[in-house]
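Taking it in order: structure first as structure tokens, then the write-up.
Order of the sequence lines fixes the chain letters, A, B, ..., with proteins taken first and strands second; residue numbering starts at 1 for each chain.
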Amino acid sequence: MTSPTKTTNPTARAAELRQRIEEANYRYHVLDDAQIPDADYDKLMRELEAIEAAHPELAVADSPTRRVGATPSREFAEVRHELRMLSLANAFSDEEIEDFVHRIEERLDITDPLFSLEPKFDGLAISLRYENGVFVQGATRGDGETGEDVTVNLRTIKSIPLRLRGDDWPAGLEVRGEVYMPRAEFERYNEHAREHGGKVLANPRNGAAGSLRQLDSSITASRPLAFFAYAPGAVEDSALPKTHSALLQKFRDWGFPVSHLVETARGAQGCLDYYRRIGEARDSLPFDIDGVVYKVDDLDAQRDLGFVGRTPRWAIAHKFPAQEQSTRILAIDINIGRTGAATPIARLEPVQVAGVVVTNATLHNADQIERLDVRVGDTVIVRRAGDVIPEVVRVIEDQRPADTVAWQMLKHCPICHSELVREEGQVVWRCSGELICPAQRKEAVIHFASRRAMDIEGLGSRLIEDLCDLGFVVSVADLYKLGLDDFIEMKRRADERDGTTPETVKAGKVATKWAENLIESIEHSKQTTLERFLFALGIEHVGESTAKALSAWFGRLELIRHLPWPLLKLVPDIGGEVARSIDHFFAQEGNQSAIDELLMRGVSLKDEHDVSPKLRQSLGADRFLASLEIPKLTEKRAAQWVSAFDDPSRVTSVPEHQLVTAGLPADTAAALISWREETHNADLLKRSLRIWNTLRELAGSTSETEQLLPLDGKTVVLTGSLSAMTRDEAGAKLEALGAKVAGSVSKKTDFIVAGEAAGSKLEKAQALGIEVWDEARLLEFLAGNPA
DNA sequence: ATGCCTCGAGTTCA
DNA sequence: CTCGAGGCAT
């Protein structure tokens, strides 16, 4: 960089450099408007350092080279605040704000006073003292009376001016404000720390507070801190503006960063409007805030209003509902899910988080508890993050009672007392009770009746719980033998058990309408589809999508319930794990008899059909052989075997020497031999062969004509809400035209349909350059392509 | 082996 | 909605 006034005098040159560096800092950190490239900035800085090294007498305290203090101190000196640092009264409701404004109106005898409105930054309050325009001391708030001298650390914050701009500042000036860590910087810092094994900060607020309290200011300098000014402290020897808002403008002129979200407005309504607007913008702000602050703008009026105790009458903080709260762990219970998964749940002392009272929070799994070291009795931080579901963020270790013990997973199911087991490499512990565990059975029934499964309206989890607990229902099939009397009797026993007065008895007559409705919807549910039925069975790893695929490929329950796992693997997206799980389910006698009973009691599958034409193409002998997972017998080797011996039924009989003659490597042949010697493998082969042959017959008899659908092979994602139909309906129509409807957008997506208020999926699609249809386009397409 | 991309499963509260 | 993990392409 060339200087227009290149001076040789080191004193003058140093002064010029300082001025230019400070100007660059101001533009970059306060105005957010970088004027000179980083490299040039560095050059100026190095030149100044060189001059100061050569002429130590020039290294003045307010030099930008001194932003990082040289000597770490043992501890911070105390600083007494000349003017006490305030704390504000907090308000959480509109009503409290209206009361606040009313009180002011009465005391000042005016209506709709003017307020200065500001965000309430979630950082650390500090006070900065300037003498003759030079930053001389900075302190934390402390208890309001006395804080800690963190001057050296504050110097490292680039948005804090070391020298004031302009010339109309008072000789002695104290400015108060908030040190915070911008979210993006916080994320970036943590990412870097994670990669390099550094200290990861818990959140921006703690990051800011912790950084300022570093004894070694070079650590503070490495932390991305920033500052906003929002209030005056003690001021000597000068006339200041008459209003708070004008004062903030002065702060700006003097080089302090003042938030652009600061506004003025009149009356309670103006305050509340601001609260809502900032609340909506909150998540998209580059820094954390925990509310807004209203201050009477007229400084004389502020003085007239004065204080009550420690808080001013002229200002109030209107807080957002807290997103994080601390509470105590009362107990850690184990919940047993439909698949037997044992999920630990924290029972909490009830606490308000983001507007709702939270009493439970999931702890996900045993590993998570171990990671967090959560113990019964601990005080923990609970959060309702972007979504709704509360979670335990961390333990406040200082508040741990002395007698706590590390939490341990139970050894046995709390319900059926079967052993809890964990499969190799898995995170979840499961109850081994399977069919005999009442908890698992209950969950299975709830799943069976749920909307996306058999859709039995009115049969919710509470009712099912009672039905199971009182012995009316053991297996899902029992639902279909319940009569009106059973429901009435069940209700009576439940009321008796709970000691509640039966509301079903009115004027001596037992109310039965609810039971009649239930019987009706149970009856209604009997007419269903194969895919719903398969989903309803609750087979592990079989969700809606897999159920749909099974239904589409094989077409009939009679077939599916007898398929060995190697054949199940023929379906795309069904691999060894899922196939074995399905096989295992149908291998259990109890499950087969439950299915028989359901069918006997009238469950009927309206949409059963012949095997899919696609299945036929997958029934080659080589695919079949490869699907058996015989060690070393890869797809390629399987094909080789088939070309030599043709009929897979000969797998059991071809002697080893012939295998080798046919060109199979010796180890492959040996693996095959030892595989078929295991009786369970031999059985599997026999069973698979039989069904494979059946499938080939079935596939051969299906019609050859496979009509190509307009959206065949296209992957579609639906997002936002449609007006002419629900997303599910639209999805069904698109599927009927051959499309695959996926849940999330990726490179493989062909196009998305975006309805009203589409969110992140639309953004992602646009980012990936994926075609976007609006509802009109969809309707047009559907009209042009009747199913 | 490694890294997407999906699917499945579990979860809270009004 | 988010996490874990299965399936599959590379």
Side-chain angles (χ1 to χ4, degrees), chain A residues 321 323 325 327 333-348 350-368 371 382-393 422-431 439-440 442-444 446-448 450 452-453 460-462 531 534-550 565 568-582 585 626-627 629 634-635 715-719 731 740-750 759-761 764-765 768 770:
Chain A
Q323 313 254 64
Q325 277 295 347
T327 186
D333 288 350
I334 295 296
N335 186 53
I336 303 291
R338 169 167 65 88
T339 61
T343 311
I345 295 179
R347 305 290 174 201
L348 308 169
V351 63
Q352 279 264 345
V353 188
V356 301
V357 178
V358 170
T359 52
N360 299 319
T362 177
L363 290 163
H364 295 115
N365 53 54
D367 286 15
Q368 171 84 351
R371 258 197 308 276
V382 180
R383 162 170 69 189
R384 284 179 77 203
D387 60 330
V388 215
I389 295 167
E391 59 174 353
V392 172
V393 183
R422 165 141 84 166
E423 247 176 82
E424 190 69 30
Q426 297 246 81
V427 174
V428 290
W429 288 80
R430 284 179 200 282
C431 162
Q440 288 187 52
K442 190 188 295 179
E443 295 298 328
I446 292 171
H447 171 76
F448 183 85
S450 67
R452 312 198 77 103
S461 58
R462 284 296 302 275
E531 85 185 56
L534 287 171
F535 175 59
L537 291 175
I539 304 166
E540 199 180 342
H541 292 131
V542 178
E544 282 177 291
S545 159
T546 307
K548 179 179 278 176
L550 285 169
W565 62 261
L568 286 160
K569 288 205 326 181
L570 297 177
V571 180
D573 297 331
I574 295 183
E577 196 74 25
V578 178
R580 267 174 249 260
S581 163
I582 298 169
F585 178 89
S627 75
E629 297 182 10
T634 58
E635 196 119 7
T715 299
V716 184
V717 173
L718 298 166
T719 180
K740 180 172 152 58
V741 178
S744 55
V745 177
S746 72
K747 283 182 292 191
K748 295 184 179 174
T749 311
D750 290 294
S760 61
K761 287 180 197 171
K764 183 155 185 206
L768 291 170
I770 289 166

| query | With a non-hydrogen cut-off below 4.0 angstrom, is A:Val358 in contact with a base, only sugar-phosphate, or nothing? | reply | sugar-phosphate
| task | Check whether any side-chain nitrogen or oxygen of A:Thr339 sits under 4.0 Å from OP1 or OP2 of B:dG10, and answer yes or no. | result | yes
| said: Just the rounded figure in Å: distance from C1' of C:dC8 to NZ of A:Lys569. | reply: 12 Å
| CD of A:Gln325 versus C1' of B:dC13: gap in Å, rounded? | 17 Å
| note | Whole-Å distance, A:Arg430 CZ to B:dG8 P, equals 14 Å
| request: Rounded to the nearest angstrom, tell me the gap between atom CD1 in A:Ile539 and atom P in C:dG6. | output: 17 Å
| Please give, in whole Å, the distance from B:dT6 P to A:Asp750 CG? | 11 Å
| Side-chain N,O (A:Thr359) to OP1/OP2 (B:dT12) below 4.0 Å | no
| field | For A:Glu531, salt bridge (charged side-chain N to carboxylate O under 4.0 Å, His left out) partners two or more places apart | value | none
| request: Nearest whole angstrom, please: distance from the P of B:dG3 to the NZ of A:Lys747. | output: 13 Å
| field | Distance in angstrom units between A:Glu544 CD and B:dG8 P, rounded | value | 8 Å
| said: Classify A:Lys548 by what it touches in the nucleic acid, base, sugar-phosphate, or nothing, heavy-atom distance under 4.0 Å. | reply: nothing
| request: Grab the NE2-C1' distance between A:His447 and B:dA9 for me, whole Å please. | output: 10 Å
| task | Taking only the side-chain heavy atoms of A:Thr343 (C-beta and beyond), determine which of B:dC13, B:dT6, B:dT11 contains the nearest atom. | result | B:dT11
| Using a cut-off of less than 4.0 Å, is there contact between a side-chain N or O of A:Lys740 and OP1 or OP2 of B:dC7? | yes
